[in-house]
Structures are given as C-alpha cells and as structure tokens.
Amino acid sequence: MAIIIVDNKSYTVDEKQNLLAACLGHGLNVPYFCWHPAMGSVGACRQCAVKQFKDDRDQTGRLVMSCMTPATNGARISIDDPEAKAFRASVIEWLMVNHPHDCPVCDEGGECHLQDMTVMTGHVYRRSRFPKRTHRNQDLGPFIRHEMNRCIQCYRCVRYYRDYAGGRDLNVFGSHDALYFGREQDGTLENEFSGNLVEICPTGVFTDKTFFHHYTRKWDLQSAQSICPHCSLGCNTTASERYGTLRRVTNRFNSQVNGYFLCDRGRFGYEYVNSDKRIKQVLIRPEGDRAKPAQPEVVPQALALAGDRLRQARGIVGIGSPRASLEANVALRSLVGPQQFYQGIDERERQLLSTILNILRTGPVPSASIHDAEQADAVLVLGPDLLNEAPRLALALLQSIRQQPMERVDELKIPQWDEAAVRNALQNRRGPLFLAGYQRTWFHAYATDSYFAAPDDVARLGFAVAGTIGQVAPSVPDLSREAKELTQRIAEALTHAQRPLIIAGTSGGSQATIEAAANVAWALHRQGKQPRLSFVLPEANSAGLALLGGGTLHDAFDSISQGKADTVIVLENDLYRRADQATVDAFFDKARTVIVIDSLEHPTAARADVLLPAATGPESDGTFVNQEGRAQRFYQVYIPQGAIAESWRWLKDLAHAQSAQTESGAGVAAWNTFDDAVSATATAAPELARVGEIAPPASFRLVGQKLPRQSERYSGRTSLLSHLTMHEPPPPVDHDSPLGFTMEGYRGSLPSPLISQFWAPGWNSIQAVNTYQDEVGGPLRDEMPGVRLLKPAVSNAPAWFTAIPRAFQPASQQWLLLPLSAVFGSDELSGRAPAIAERIVQPFLSLHPSDGARLGLEECSAIDLAWQGATYSLAVRFEPSTPVGTAGLSLVPEVSGVRVPAWINLFEAIKSEGKRRAA
C-alpha cells in the first residue's frame with residue numbers, strides 16, 4: 001500500500017494503481033474519457049489532468065495525466081489546482097467543438113458520461129461559431145444504432161472491440177480530427193460482444209437499437225437485479241421496465257461473475273418477455289375433447305376445474321425444468337411428491353449432470369468462476385464451443401491468454417494498467433490456450449493449438465494429458481504421433497502454470513470427456529498446482545435442477561404409459577425440444593389431464609388441457625444456480641398484468657384447489673410469501689441449505705424503509721390514467737422482497753443484490769459503478785456475489801476415471817450427427833426477441849469435404865433430411881474442421897427437437913424424403 005496526498009489530504013491506496021483509479025476509489029471526482037477499469041490506460045483524451053508536485057515545498061508543480069501516472073508512495077497532487085482545472089476545461093471545450101447540441105433527443109441523454117464530465121469540468125458555454133464536422137452514420141445491424149457525429153475520439157470503442165473482445169470488423173479510419181469509428185462499409189457488427197459498445201462509449205455514438213424501439217429516459221425506468229436466463233453462466237443484469245413493457249437489459253457488475261460485460265444474447269434477448277407469443281390468459285380445454293382448442297377462462301373457475309381433475313387423478317407426474325427457478329421446481333416437487341417429480345431432461349443429460357456434480361462434490365479441485373477464468377495462466381478446453389455455448393466465458397479466456405506473458409511485463413517493471421506500454425512489450429505473445437472440439441470459430445485464431453476430433457477422441461486426448469502429467473493416472477497407449485506430440489505440449493504448458501483451468505461440457509453428450517477433464521485437474525492438483533474446473537451446462541438452472549434430483553423425462557413417459565399415473569403437470573418446459581415428436585405425442589395422448597405452466601406458446605402448451613400463464617424472470621423472484629454451483633437471486637422488476645403469475649404461486653393455488661390431500665401438497669399450500677418458498681428450498685437438498693444467505697429477506701429494512709426500484713426523478717404514471725382520474729394510483733405492495741414499487745425509500749449504501757441502479761452525485765452514467773467499489777475494478781462494497789453451494793472435498797486422492805473410450809472410427813454407411821450450438825437461436829427464449837431472430841442463421845449440415853464428396857453433395861446445396869420422424873430443410877456446408885465420419889447439425893429453432901448426438905445413415909436420410917437440389 002502507499003500514501004498519496006491529494007489537495008493536502010492523505011489517502012491510502014494500492015501502489016499498483018494509477019492516480020486516476022486511486023482517486024476515484026476514494027470518491028474524488030477526476031474527469032476522464034479514454035480510461036476504463038477493464039481496459040487500462042492509453043492517455044488518449046488528456047481529460048484527467050492533475051497538478052503533481054515534487055514535495056511540500058514545490059509550489060509550481062507540473063501537469064500530468066492521472067491515468068498515466070503511478071500512485072507511488074508520497075505522491076502529491078492537486079485536482080483543484082487552477083491550472084489543472086483550466087486545462088481540463090480547455091480539453092472538454094476542444095472535444096465539444098464538433099459535438100451536436102442534441103442532448104434532448106439523444107438516447108444517451110440523462111445517463112451520458114460526456115454530460116457528466118462536461119458538468120464536472122464546468123464547461124457550460126460554447127464559444128465556437130464555426131461549421132461542425134459531420135459524418136454519415138452506418139447501419140450496424142439489429143443491435144446497435146450509430147451516430148458518428150457525437151464522437152469525441154476517445155478510442156474506447158476500437159480498444160474494446162478489437163483488443164479486448166477480439167472483433168475485427170470495427171476500426172478507426174482517417175487521421176487528426178477527421179476520424180471515423182465504424183465498419184469499412186455498412187453491415188451487422190459480427191462480434192458476439194458488440195452490445196457492450198453501448199456502455200463502453202462515453203457518448204451517444206453507439207446506442208441500443210432495441211431500446212430505441214420503445215425508448216424511455218433512464219430516470220423513468222423501474223429496475224431490479226436479474227440473472228440472464230440464456231445460458232448456464234448466470235451473468236448479472238439490470239432489467240428495466242416502463243408501463244408494463246420490459247425496455248432493456250444492461251450489464252450489472254458482479255466481480256466474480258460477468259464483471260463489466262455481457263454477450264449480445266444476454267443483452268438483446270430480453271424481448272421474449274414482450275413477445276406477442278406470450279401466454280397471458282388461463283385456458284381450459286373441454287375434458288375428453290383434445291380436438292377442440294383451449295378456451296379462455298377466469299382464474300377461480302379454472303383453478304376449481306384443475307383441482308377437480310387433480311383430485312380425480314390416479315397419480316400425478318410433475319415434470320420440472322432447467323429454465324425454471326429453484327423455488328418453482330421445489331414447489332412442483334412438494335405438490336406431487338419427490339417420487340413423482342421428474343427433472344424434465346433425458347437420461348443422457350441427467351447422467352452427465354450427475355457426473356459433474358459428483359466430480360465437484362468429491363474431488364479436490366474447485367469450480368471456476370468467470371473471474372477465475374480471466375486469471376488462469378493456462379487453459380485446456382475439452383469439447384464445448386465456448387463462443388456459442390457460453391460466450392462470456394470465451395471473452396474471459398481472451399483475457400487469460402495475457403496472464404502468462406505478463407511475467408515479461410513485470411520483469412520490465414511496466415505497471416499492468418499502462419495498456420499501451422503493456423501491448424508494446426507483449427507484441428503478440430499469448431499464454432497457453434488449447435481448444436479441442438469439433439467446430440471451428442474465429443475464437444480458434446487465439447488458440448496455441450486446436451484439435452478437431454469426434455468427442456471420443458477429444459476425451460482420449462484429455463486422458464492422455466492426465467496420464468502424462470500424473471504418472472499414476474490412466475494413460476492412453478495407442479495415440480497417433482500427432483496426438484502424442486500435442487499431448488506433450490499441453491501437459492508441459494499446464495504443469496508450468498500456477499493457475500491452470502480445465503473446461504468441459506455436456507453439449508457433445510460425452511461422459512468420457514467430462515471424466516477426462518476431471519482426471520487432468522486432479523493430476524495437476526497432485527503436482528501442487530492450483531487448478532480450476534469449469535463445466536458448461538445446457539441451461540440457466542441445470543445445476544440447480546440436478547441438485548434437486550428426480551427421475552428423467554423417459555421415466556415420466558413410462559409412468560403414464562404403464563398406468564401408474566394419468567395426470568401431468570409440466571413446469572416451464574417444452575417437451576418437444578427434449579424428445580422426438582412421436583414419443584411426446586404418445587405421452588400426451590395417454591394422459592387424461594395435462595396441466596402446463598409456462599410463459600410462451602410452444603407445442604407442449606398447445607397440448608395442455610389447463611394452461612396457466614407463468615411470469616418470466618423479470619416478472620418474478622427466484623434463484624438460479626449457475627454452472628460453477630453459485631446460487632444467485634433475481635428480483636421482480638414489475639408486476640405483470642392480467643392472469644400472469646409466478647410459477648410457484650400457480651402451484652400453490654393448485655395445491656389449495658386440490659384441497660391439500662397429501663402431506664407434500666400441504667407443504668406448498670402453506671407458502672404465503674417468497675421467503676416461505678426460499679425456506680422450503682433450503683430443506684429440499686443438502687447443498688441448498690444456504691440459499692437463504694444469497695440476499696436479504698423480505699423483512700430487510702434500512703432506517704425502517706424499503707428500497708426503491710425507481711429513481712428519484714421518476715415521472716410517475718398519472719398521465720396514463722388522466723382520462724379516468726388525475727390521482728396517482730397506489731403502488732403495488734411487494735411482500736416478497738425488501739424492494740418497493742415506488743421512488744420512495746432508503747437511498748444510501750445497500751447490500752449489492754438490492755442495488756436497483758448505479759448512481760452517484762455527478763455520475764449519471766454506468767461509470768457510477770466506480771463509486772460503489774472500495775477499489776476501482778474490485779468487488780462492490782459489501783458485495784454478495786451469490787453463494788457457492790459446491791465445495792471441493794478435503795481428500796487429495798479421488799479415484800481416477802478409467803473408462804477410456806476407443807478411438808473414433810468412421811463407419812461406411814453411418815455418420816455421427818453432432819450438435820452445433822449457435823449463439824443466436826440455440827437457446828429456447830432469446831430467439832423470440834425480434835433483434836435476435838434477425839441474427840439466427842438458416843439451418844445447415846456441416847460435413848468434411850471428403851464426406852460431402854462421398855454423398856455426392858455440393859457446397860451450399862440444399863437437402864431435405866428425414867430424421868426422427870420429421871423432415872428438415874438444410875443447407876450443406878463443407879468445413880475441414882468437421883471430423884471425418886461426423887456431421888454437424890446447427891441447433892436453430894427449425895431443428896430444435898432433434899436429439900443429438902446420434903448415428904444416422906445420411907444416404908438413406910437424404911434420399912428417403914427429398915432429393916438433393918441446387919441452392
């Protein structure tokens with residue numbers, strides 16, 4: 001630590017910081033533009049100037065840029081020195097010479113970093129009377145609006161997009177004051193993290209185009225903490241509403257999870273909540289008449305009818321969901337009983353999840369957070385396509401490849417925050433990143449080595465690496481020479497690292513790959529390293545569902561087909577995505593009554609006898625458990641209109657309607673508040689005992705007050721009802737959380753899960769998050785980043801996995817059909833958002849060129865593929881990275897019901913239902 005003197009006051013700071021970060025960390029207002037805590041300093045804007053003095057006798061001093069000056073012990077500076085203030089005022093005046101006077105119509109108005117800095121610097125009058133420089137804006141796709149005339153040339157956008165996120169289609173063109181930040185020509189920004197430009201840009205050059213379609217000023221948004229539902233990483237978001245419409249989602253800082261950034265799916269996929277396919281009414285189908293469509297019914301009569309059918313049921317099957325909250329799944333299990341609760345996933349997925357849980361429970365290696373991944377100094381990925389399955393984790397790995405080369409930076413005594421000097425010292429050096437899988441993306445350009453092979457061969461590579469690192473670990477004797485050489489390189493890189501990371505996942509359906517990843521991590525642990533394991537799971541609450549246990553989907557099918565039960569309750573789950581159509585049709589045909597609780601129309605909802613409209617994540621309170629076993633709370637942003645209710649409340653109402661005849665049903669019937677649901681969840685499984693610690697209970701108050709979801713400048717809703725009354729309607733009463741649906745309440749330091757907006761005096765933009773941290777870039781003050789439910793075992797010697805698969809052998813007539821995930825379209829919810837829908841590619845079949853030749857296909861030809869009782873129209877792509885003997889099927893909405901991996905005879909599948917035809 002170091003002591004610095006700022007305007008004759010002493011402050012204790014981290015000497016590894018620069019003066020700008022040190023001052024901001026103590027709440028001192030120093031204006032800046034080009035600096036960002038995640039990207040370091042380049043000294044481009046000159047806005048953060050302060051006066052530095054040699055000692056207490058120096059009365060003259062010199063101007064320095066605080067972002068480029070280390071916070072050394074004894075440093076003396078002045079922020080308020082007249083010369084420094086005048087210099088900063090002149091800088092902002094230069095920057096504003098060409099800036100348009102369009103704050104009232106700018107999407108960024110009211111949360112603009114440029115506005116904050118202009119006010120902070122005291123620039124209130126424009127002296128320039130010359131014509132302004134103007135630019136033509138570009139169409140950058142469905143996510144981002146472009147207004148180049150607002151640019152102040154801070155370079156943040158290209159530094160983030162190219163240097164931090166790996167994008168290549170955005171750059172700076174021109175020179176001097178004639179700079180243009182954009183693409184070479186109009187076109188959609190290709191990088192999967194382009195949406196962060198909205199928060200990176202300190203002005204309104206890049207703004208959220210989806211927000212523009214239903215724009216509202218920041219201060220009129222009602223907001224609350226939420227969790228992204230579109231993958232298993234559990235990124236923290238702030239969801240914001242106005243007049244019953246979810247208007248936008250922004251990044252919410254969590255030091256252990258997503259930090260400052262989101263992927264585009266998480267940022268722009270929110271509009272599924274506003275979809276015209278939302279289920280908003282209770283629907284009832286006449287009993288015994290599946291031919292008739294369900295008709296709207298009022299809630300009391302619908303519940304009474306559902307209760308009658310439940311009472312008459314021979315047995316009730318409850319099918320849970322990995323996209324439903326923990327509390328909703330526990331409510332269903334409580335209603336039907338643990339023996340009749342089924343996880344709603346197939347046997348293979350349940351087995352993979354069980355294996356992962358056992359590895360994290362019994363092994364000595366902890367799971368890795370996204371923050372851990374950023375700090376890893378060597379990474380081995382076995383199987384998953386991170387860019388499409390877990391994008392935010394891929395972004396973290398782009399930062400991890402800097403860790404090992406930083407040793408050179410430290411040797412040269414270059415501070416790590418000095419980004420320009422660091423990049424000059426590193427040149428293009430990268431740390432070890434090994435990617436093994438079967439789908440190539442642009443992310444592979446950053447890999448030390450890439451290995452494309454079938455899942456069994458990827459697993460064999462992992463086992464071989466483990467056997468090379470730990471001589472007592474099982475080895476793979478029959479590797480090819482190429483694989484042996486790669487194994488040796490990987491083993492050497494991992495053993496020379498101090499914080500190695502091993503990543504595997506469930507998407508390839510390979511149990512062996514997961515076990516191989518565990519062997520590698522355990523072998524490194526025995527070598528005295530500090531390895532971490534990360535497993536990419538299918539959905540937002542896959543880990544939480546696995547912790548609850550229960551039967552598989554096919555167990556549920558058997559229960560109905562064998563007559564053990566005749567009534568089904570399906571919780572937020574489209575079964576047609578999880579089994580073939582014929583099997584699911586037979587299941588529903590056999591069931592006497594089908595009750596579906598869900599938020600969006602889908603084929604399963606269409607088969608419901610009783611359809612209950614469920615609230616989405618932003619409309620409810622709940623808990624998700626992410627892929628590392630971290631339980632996190634999300635809060636209701638607004639109360640939905642009409643009959644829509646949280647799933648656990650519907651299940652409570654069903655228990656009441658059933659007259660609570662069973663002990664289990666009586667349990668959920670007794671729930672009155674969300675805290676009751678949390679208490680019941682804490683007893684549902686041993687690992688869930690701490691879920692009550694995630695966030696404060698509903699009774700939490702500060703100075704006797706609830707905490708507002710709305711800003712102090714909130715405009716209210718009176719005008720909407722002016723044709724009826726001029727009185728402000730009373731706000732809804734929230735019995736389930738410490739938050740209030742109002743602008744009144746306590747405003748001060750809050751527990752981090754309850755912070756609805758980041759705001760501080762003088763800081764209206766997202767940069768206000770700096771004022772919530774004791775150290776800029778570090779955790780929030782009193783941060784509650786969720787509770788990790790899974791801890792490594794004390795044992796240092798778990799039993800090795802020994803079931804090493806045989807080498808993959810292509811078959812003469814069969815191909816192994818493998819899933820190809822897509823960042824846009826593979827998950828169930830985000831594809832309902834119009835902006836995301838524009839980015840979904842047409843379904844395709846990926847083949848190695850030699851396999852394409854065997855089948856007589858041509859690149860970009862179109863085929864009809866008959867498979868599992870359905871026919872799919874696919875484009876053909878030749879991809880050399882696709883392993884010979886396999887075929888990759890893109891998982892987009894048109895093929896969402898296909899169960900893969902699976903073997904398929906492409907000769908028959910293509911010929912039987914459709915002729916090859918030219919595209």
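No hydrogens or angles considered: nothing links the side chains of Gln757 and Ser711 as a donor-acceptor pair under 3.5 Å. Under the 3.5 Å distance criterion, with hydrogens and angles disregarded, no donor-acceptor pair is assigned to the side chains of Asp377 and Gln498. When only modelled atom types and interatomic distance are considered, Asn149 and Glu147 share a side-chain donor-acceptor pair under 3.5 Å. A donor-acceptor contact closer than 3.5 angstrom links the side chains of Asn258 and Asn251. Counting only N and O atoms by type, the side chains of Ser367 and Arg630 include no donor and acceptor under 3.5 Å apart. For the residue pair His36/Arg159, the side-chain donor-acceptor check at 3.5 Å is not satisfied. Looking at Arg633 and Gln225, their side chains never bring a donor and an acceptor atom within 3.5 Å of each other. Judged by distance alone, the side chains of Ser194 and Asp264 do bring a donor and an acceptor atom under 3.5 Å apart.
Here the side chain of Lys16 pairs no donor or acceptor atom with the backbone of Pro415 at under 3.5 angstrom. A donor-acceptor distance shorter than 3.5 angstrom exists from the side chain of Gln47 to the backbone of Arg88, with no hydrogens or angles considered.
To the nearest 0.5 angstrom, Leu19 atom CG is 4.5 Å from Ile77 atom CD1. Between the CZ atom of Arg532 and the CG atom of Asp372 there is a distance of 5.5 Å, given to the nearest 0.5 Å. Note: Met117 CE to His123 NE2 = 14.0 Å, rounded to the nearest 0.5 Å.
Contact check on Arg402 versus Glu419 returns a salt bridge, with a Lys/Arg side-chain nitrogen under 4.0 Å from an Asp/Glu carboxylate oxygen.
Contact record, Ala84 with Ala49: CB-O, 4.2 Å, taken as the closest heavy-atom pair.
Tyr635 is linked by a ring pair (Phe, Tyr, Trp, His ring centres under 6.0 Å) to nothing, counting only residues two or more places apart in sequence or in another chain. The ring pair (Phe, Tyr, Trp, His ring centres under 6.0 Å) search around Phe87 returns none, not counting sequence neighbours. Residues satisfying the ring pair (Phe, Tyr, Trp, His ring centres under 6.0 Å) criterion with Tyr11, sequence neighbours excluded, are His26.
Residues Leu262 and Cys228 fail the side-chain proximity criterion, which asks for heavy atoms closer than 4.5 Å. Counting heavy atoms from C-beta outward, Lys791 and Pro366 have side chains that stay 4.5 Å or more apart. Here the side chains of Pro531 and Pro500 are in contact, with some heavy-atom distance below 4.5 Å.
Note: Phe181 and His146 fail the aromatic proximity criterion, with ring centroids not under 6.0 Å apart.
The aromatic rings of Phe211 and Tyr215 sit tilted, their planes meeting at an angle between 30° and 60°. In this pair, Tyr160 and Phe261 present their aromatic rings tilted. The plane angle is within the 30 to 60° band.
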